Structure formats: C-alpha cells, structure tokens
Amino acid sequence: MNANQFELIDLAHRLLAWYDRQKRDLPWRRSKDPYRIWLAEIMLQQTQVSAVIPYFDRFLQTWPQLSDLARARDDQVMKAWEGLGYYSRARNLLAAARLIETHFSGVVPKEEKELLSLPGIGEYTAAAIAAIAFGRPVVAVDGNLVRVFARLTAKDWDPSNLSQRRQVRRLAESLLPADRPGDYNEALMDLGATICLPRRPNCSACPLAELCLAFHQGQVERYPAKPRRRPRPVENKIVLVLIWQKKVHVSRRPARGLLAGLYQFDWLSSSALHEGQTTESMLAQMYPGAKISFLGEKTHHFTHKQWQLDGYAVQVEAKPELKTGLWVDRQTLATLPFPTALAGYREQVLLL
Ligand code: SF4
C-alpha cells in the first residue's frame, strides 16, 4: 500500500455514510434485477440520467422482462429508442437480450468475462453490472471516476488514457468494501455526477474533502489532465424531403455503420452546388415546377464528426424516378425510427 492509499483507507466508510444519506432516488435502484440494471447502464452510456428516466420507465412498461425484450421486433425497439441517440446501443441491447435467452438460459450472466461477450457491453458496463447486480468486487471506471481519483490523489491522470484508467481501477478496487461493492460503485457515480463536477466541484459538500489532496492544495480544477482534442470534422449536407401526392420519400440506412437501420430523407452534398449557385436554384433546376420550402439549419454533433444540415421540403407534381427508398404517408412517417438529427425536419413535414 502506498502513501496515498494509506490516506484514502477511510474513503469507503465516509463515502458510504454520505451515500446512505444522500443517494439519488433512481428507478433502476429500486431493485437488484439484473435486467433493469443492465438496461439502465446501456441507456446511461452517453446519455444524462434525467433524459434516461422516461425511456427506462417506458421500456419496462413495454418489455417488463428480459424475455419480452428478446421477443420484440427490431423496429419496435428502435422506435422506443428514438430520441436517445447512439442507436447502436438499441441494436446491441436487442441482440444481447436474444443471446442471453439462447445461450444463458434467459439469465443475465454474473461474471465480467461473460458480460463482456455480449454486444454493447464494454469494460465499464460489465463492471457496473457485475458489482451492482451481483455484488462482484469490481469497480466501473469512466471519465467521472478518473476525475474524482485524480483529484483525491493530485495525479495528472487523463480519462482518455486507457492504462491510466486501469491504474484508477486498481486503486478504487483496493479500497472497495467487501460487503457493499454495488453501493460503493453507485456512491462513486453519485459523487462524480453531483459533487465532484468537472468545473466548480462542490468541495464544501464533499464527504471526501478531508482526504482530498487537490482540495488541500487548492488546485481542484487542475485535475484531471486535459486531453488534447482535435476539432471534429464538419460535413455540410442538404436534406431533401421529397413530397409527392401527400407522400414523403424515405429510405432505410444500411444495417451497419452510422445510424444503421434508421430511416432518413434524401441527401445532397453541398459540393453538388456550382459556384455562385444557391441551393434553391439548384433544386428548382432538378425539380421544375416544384414548391420549395426551406426547413431551416440544424447542427448535429457525433463523437467523431459534426453534421451541418440545411433542410428543404420539395413538393413535386410529377413522381420522380428514384431507384431506392419508398413513399410513405404521414401516419407511417410518424412511426418510423428516425435519427435525432433528422427528427426535427420530420416534425415540420408532418405539419406541412
Ligand atoms: S474535495 Fe472537491 S475535488 Fe476533492 S473529491 Fe471532493 S469534490 Fe472532488
């Protein structure tokens, strides 16, 4: 045990006493059902707690048991996920539910190694499920946890550095109380989410302030180390909502890759514009006599890139020759799973 660990030896005791008084009342904390904990952990990947709660409740109303979800239709699940973003999570969730039914007799596996074999479950989620649902002595480490431990120990740990994350995991696990691994994980999650915030942490309310080196040094915001970020590339696109005889043209994205399996409108790249040409004049040339309405600009951020979208509704008289896609009425359009990036345009088109 090194000097830091010696100072942190009291950490779990203080943390759990605070957690017992202050823990957040979250729907997935009301039972130890592994299905609920797994569902919540998948939804919480990349999404804030407040946004997850209504989706979590709706999913459980529709599919109260894992076996119900395993039997669900792909489209139903994608539709129920609409608005949460990162749709590969929904596809993986369904694939994992079916795998659990067929390969694990319908029971969520207990061990991290088995959990890691399921689609959509990485190191963090496997550890969180193993600890919270099954009391395994492991700690789920994400950026929040690296931040907390970087401050507690005043170390320049960088959340994006995998080997440093593992160091944090070893340290956090060395302090884990054998009788409450799940609560210890959830208490650390609460501390990172509500007290030890990235900016202006609320140290005066922190149960660990006495143990915290960065706090004593008056340097809390110096930690964790800041990763150097490259700017996200921007893709400029024109979204074309083609409308013919009250029907709207949509197509389905490929089964793999970005936003796989979701529906979309037609696209044009801004590079299709000739110099000096406006989008409206290009569309008027492509669809003579059409009624063209601008639907506005939208920006959508992915982790690795950004879409800058200009949307247009193009109401045509003659049916355009299109090799792919389908024409749907507005009722059907409202029920198809669409990516968040395009959902706003769909809402506008439903009102046209
Ligand atoms: S004292 Fe402040 S910086 Fe240290 S762990 Fe608590 S909230 Fe974070």
Side-chain angles (χ1 to χ4, degrees), residues 1-26 28-29 40-41 44-53 123-125 127-128 131-132 137-229:
M1 188 172 284
N2 63 34
N4 270 329
Q5 279 170 288
F6 184 72
E7 280 158 24
L8 293 175
I9 201 138
D10 203 23
L11 178 143
H13 175 71
R14 289 170 189 248
L15 185 68
L16 289 171
W18 169 79
Y19 181 71
D20 289 339
R21 289 192 311 273
Q22 306 278 347
K23 70 176 167 188
R24 290 178 291 175
D25 177 26
L26 303 173
W28 44 91
R29 288 186 174 168
E41 286 302 328
L44 288 164
Q45 294 169 352
Q46 334 252 14
T47 307
Q48 302 272 329
V49 165
S50 56
V52 164
I53 291 174
E123 272 185 41
Y124 175 86
T125 307
I132 299 168
V138 292
V139 174
V141 177
D142 63 357
N144 282 355
L145 209 87
V146 175
R147 181 174 67 250
V148 171
F149 277 92
R151 287 171 174 170
L152 285 168
T153 56
K155 284 206 165 63
D156 275 324
W157 278 324
D158 168 359
S160 64
N161 181 315
L162 208 62
S163 85
Q164 292 180 0
R165 273 187 188 231
R166 298 215 167 114
Q167 282 182 50
V168 171
R169 178 168 170 162
R170 281 196 293 278
L171 172 58
E173 286 180 353
S174 74
L175 302 164
L176 181 146
D179 55 338
R180 299 181 66 185
D183 288 346
Y184 177 68
N185 271 269
E186 298 204 78
L188 286 169
M189 290 174 189
D190 278 11
L191 191 80
T194 64
I195 302 279
C196 195
L197 301 167
R199 268 180 288 151
R200 287 194 267 134
N202 188 3
C203 300
S204 59
C206 177
L208 307 182
E210 274 185 45
L211 313 177
C212 180
L213 272 184
F215 175 65
H216 287 304
Q217 294 168 359
Q219 301 231 45
V220 292
E221 292 207 30
R222 193 191 134 183
Y223 303 99
K226 311 280 177 287
R228 267 186 255 126
R229 291 199 191 284

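Everything quoted here is computed from the prediction, not taken from an experiment. When a ligand or atom number is given, it counts from 1 through the structure's own listing order.
- Using a cutoff of 4.0 Å between basic side-chain nitrogens and carboxylate oxygens, Asp156 and Lys226 are not scored as salt-bridged.
- Against a heavy-atom cut-off of under 4.0 Å, Arg151 is close to the following atoms of ligand 1: 3 (S).
- The side-chain heavy atoms of Pro159 and Arg147, taken from C-beta on, include no pair separated by under 4.5 Å.
- Look at Arg166 and Glu123 and you find a salt bridge, because one of the NZ, NE, NH1 or NH2 atoms lies within 4.0 Å of a carboxylate O, short of that distance.
- A salt bridge does not link Glu186 with Arg24: every distance from a Lys NZ or Arg NE/NH1/NH2 to an Asp or Glu carboxylate oxygen is 4.0 Å or more.
- Closest to atom 4 (Fe) of ligand 1 among all protein heavy atoms lies Cys212 SG, 2.4 Å.
- Taking 4.0 Å as the cut-off between side-chain N and carboxylate O, Arg199 and Glu221 do not count as a salt-bridged pair.
- Not a single N/O/S atom of Cys203, whether from backbone or side chain, sits less than 2.8 Å from atom 8 (Fe) of ligand 1.
- The heavy atom nearest to atom 1 (S) of ligand 1, out of those in Ala154, Ala209, Ala150, is found in Ala209.
- Shortest contact from atom 6 (Fe) of ligand 1 to any protein heavy atom: Cys206 SG, 2.3 Å.
- You'll find the side chain of Leu8 reaches within 4.5 Å of the side chain of Thr153, heavy atoms only.
- Residue Cys196: no N/O/S atom is found under 2.8 Å from atom 4 (Fe) of ligand 1.
- With respect to atom 3 (S) of ligand 1, the closest heavy atom belonging to the protein is Val220 CG1, 3.4 Å.
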